[in-house]
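Heads up, the thing below is written out as structure tokens.
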Amino acid sequence: MPELRLYNTLARRVEPFAPADGQTVRMYTCGPTVYNPAHLGNFRTFLFEDLLRRVIRLAGWQVEQVMNLTDVDDKIIRKAAATGANILEVTEPFTELFHRDRRYLRIEDAERYPKATEHIPEMIALVERLVANNVAYIADDGSVYFAIARFPDYGKLSQLDTREIRAGARVAQDEYAKENAQDFALWKAAKPEDEATGAAWDSPWGRGRPGWHLECSAMAMKYLGETFDLHAGGIDLIFPHHEDEIAQSEAATGKPFARCWCHGEFLLTDGAKMAKRVGNVANVVDMRDQGISGTAYRHFVFNAHYRKQLNLGDDSLEQSRAAVNRIGAFARRLVEATTGTAALADAATRAERAFLEALFDDLNAPEALAALFTFISEANRELDAQGDDLPALERARAAFRLMDSVLDLVPEQEVDADLAAWVEERLSMRRAARERRDFAAADAARAELTARGILIEDGPDGTRWRKG
RNA sequence: GGCGCCGUCGCCAAGUGGUAAGGCAGGAGACUGCAAAUCUCCCACCGUCGGUUCGAUUCCGACCGGCGCCUCCA
């Protein structure tokens, strides 16, 4: 088993990775803000994290993954206020949708999905520690800020120069009385709309709500400990979100926060970052409506390295759909095969090795995919050869199982009973026609099937069908 | 202005100091009643210009082009 190596943003290089206790990888992944459907760009990151947790298990460790759900923030409050609703009424439907979309993409369940609103006491306690440690200060209106000037390590993750934020970069307007423009809110004093939407809680500093960065620190430490193994998220979170998490966590505990930080690059569309404000977002439901499977999107995402920008083009998903169909055809063939050859076993062993090496080398999924496809070609050739080596076939099945346990790319064949019955009827008509060598009638039956998106394959043991 | 990334076959995309994975699409053939699936074969000198080197797509520099972060953001 090769050694797992990951790019650690903190060190800016690829390093060996292992959990501190040698057993369980404790990882925190920043989840969605549930005020909107998560788009495909968001899901690129979640898919990268899904790959990460699966590879960690492949390395022989257990995973304790926490993904937070941000269910209180400016946008949620604005949306709730606009309709006179409570923030919960805004966030609940989108929380459900997030999980539905996630499952469509076969993203495994994290061990926990804590919500910010259910951890207010933990957050208040954290702010109190920071105030006690004299790195936070209370403004006149009851807001509490973190003073970055009192935390010397500030900037170590993003490596941004905090002494001067230059002209050109937009600096936040000073809504409140901050000592330094870059100080960030730990606790925000309640405004009327916060109260109106149920987004305000009692605290030692008066009514208010937590700052965004605070929730991740509080929940990560509650479930994973003050120091944990891995913290992942999108690359845009490096600054300020993760930088601020480090500041407030380490200033409170005096201990390192996350041991390793991993960040996934963006998804672009039409050459620009996919983002709501750019107006180029696509959602999982859109994809599903177009008949694109979750596996096709997985393939598209894994076909590029997670630290490289990836552009979603017009036919990207079509290409991936075709690729994934090839994998599905092979999976079926492997199930139905009855024997193999010595060369098949050899191909399986080589494929596994190449696959693991690729993935353990900073999650090189494209190369792992290449290993899979090379295996598919070689195995198809050997299966054609009609050998008599049964253990070799088992070896091949095991290798494929291993690879698919990480990539999870075999497209589903949802079986609609009515459709299946209709298809079987056409097929038996076609069989009868072929037996009397009435090929015109046989082709007509096939044309009917094709028109409904059913593809058929004649084999030695009869005809097989599937949805295209 | 600061920080970072990218430019490899028609499209997507790995990779290496000694002449380049894989997928999609395409071409020729085998198999098939015809298809489909599968198999065989074909299909790139790695943005431009310099430098380092015995040798660079791979290192360095410049330039051209594209993207991201520095503000809510996966």
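Side chains are part of it too, since the values below use all heavy atoms of this structure and drop only hydrogens, waters and symmetry mates. These numbers come from a predicted model, not from an experiment. The sequence lines fix the lettering, A, B, ..., with proteins before strands; numbering per chain opens at 1.
A distance of about 11 Å separates the C1' atoms of B/C31 and B/U40, rounded to the whole Å. Nucleotides B/G10 and B/C67 are separated by 22 Å at their P atoms, to the nearest Å. For the P atoms, the distance from B/G68 to B/C59 is 25 Å, rounded to whole Å. The separation of B/A20 from B/C45, taken at their P atoms, amounts to 11 Å, rounded to a whole angstrom. B/A37 and B/A74 have their P atoms separated by 40 Å, given to the nearest Å. Separation of the C1' atoms belonging to B/U8 and B/G66 is 15 Å when rounded to the nearest angstrom. As rounded to the nearest Å, B/C12 and B/G7 have P atoms that lie 12 Å from one another. Rounded to whole Å, the separation between the P atoms of B/C49 and B/C64 comes to 15 Å.
For A/Arg277, whose side chain is taken as the heavy atoms from C-beta onward, the closest listed nucleotide among B/C72, B/A37, B/A74 is B/C72. The listed nucleotides are B/A37, B/C34, B/C69; the one nearest the side chain of A/Arg446 is B/C34. For A/Leu237, taking side-chain heavy atoms from C-beta onward, the closest of the listed nucleotides B/C24, B/G33, B/A74 is B/A74. For A/Thr45, taking side-chain heavy atoms from C-beta onward, the closest of the listed nucleotides B/A74, B/U38, B/A13 is B/A74. Here B/U38 is the nucleotide among B/A74, B/U38, B/C34 with the atom lying nearest to any side-chain atom of A/Arg333. Ranking B/C39, B/A37, B/C34 by closeness to the A/Arg466 side chain, first place goes to B/A37. Of all nucleotides listed (B/A74, B/G4, B/C67), B/A74 comes nearest to the side chain of A/Asn42. If you check B/G33, B/A74, B/C11 against the side chain of A/Arg430, the one that comes closest is B/G33. Candidate nucleotides B/C24, B/G33, B/A74 were compared by shortest atom distance to the side chain of A/Arg434, and B/G33 ranks first. In this structure, of B/C67, B/C39, B/G33, it is B/C39 that holds the atom nearest to the side chain of A/Arg326.
In this structure, A/Leu383 reaches neither bases nor backbone, as no heavy-atom distance under 4.0 Å exists between it and the strands shown. Nucleic acid contact for A/Arg307: none, since no nucleic acid atom lies under 4.0 Å from a heavy atom of the residue. Within 4.0 Å of A/Ala275, counting heavy atoms only, lies no atom of the nucleic acid at all. Residue contacts shown for A/Gly264 are absent, as no nucleic acid heavy atom lies under 4.0 Å away.
Under a 4.0 Å N-O distance rule, the pair A/Lys156/A/Asp153 qualifies as a salt bridge. Ionic pairing of A/Glu193 and A/Arg78 is not present here: no N-O contact between side-chain nitrogen and carboxylate oxygen is shorter than 4.0 angstrom.
Ring centroid separation for the pair A/Phe228 and A/Tyr223 does not come in under the 6.0 Å cut-off. A/Tyr154 and A/Phe151 have their aromatic ring centers separated by at least 6.0 angstrom. Taking the six-membered ring wherever Trp is involved, the centroid distance between the rings of A/Phe98 and A/Phe46 falls below 6.0 Å.
A/Asp314 contributes no side-chain N or O that forms a donor-acceptor pair with the base of B/C12 under 3.5 Å. Side chain A/Gln319 to base B/C11: a donor-acceptor pair is found below 3.5 Å. The base of B/G33 is paired with the side chain of A/Asp443 by a donor and an acceptor separated by under 3.5 Å.
Dense packing is recorded around CD of A/Glu412, with more than 12 heavy atoms of other residues, nucleotides or ligands lying under 6.0 Å away. Residue-environment remark: NZ (A/Lys467) stays at or below the threshold of 12 foreign heavy atoms within 6.0 Å.
Counting to the nearest Å, the C1' atom of B/U32 and the CZ atom of A/Arg437 are 11 Å from each other. Atoms CD (A/Gln309) and P (B/C12) sit 14 Å apart, rounded to a whole Å. Atom pair A/Gln182:CD and B/G2:P shows a separation of 17 Å (rounding to whole Å applied). Distance A/Ile235 CD1 to B/C69 C1': 7 Å, rounded to the nearest Å.
Put simply, A/Arg381 has a side-chain N or O that comes within less than 4.0 Å of OP1 or OP2 on B/U40. The phosphate of B/A14 (OP1 or OP2) has a side-chain N or O of A/Lys308 nearer than 4.0 angstrom.
Between the side chain of A/Arg53 and the main chain of A/Val63, no donor-acceptor pair closer than 3.5 Å is present. Not one N or O on the side chain of A/Glu265 forms a donor-acceptor pair closer than 3.5 Å with the backbone of A/Tyr306.
Ring pair A/Phe184/A/Phe146 is parallel by interplanar angle, where below 30° counts as parallel and above 60° as perpendicular.
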Between the protein and nucleotides 20-22 of chain B, list the N/O to N/O atom pairs that are separated by less than 3.5 angstrom.
{"unit_1": "B/G22", "atom_1": "N2", "unit_2": "A/Asn303", "atom_2": "OD1", "d": "3.4"}
{"unit_1": "B/G22", "atom_1": "N2", "unit_2": "A/Asn303", "atom_2": "ND2", "d": "3.3"}

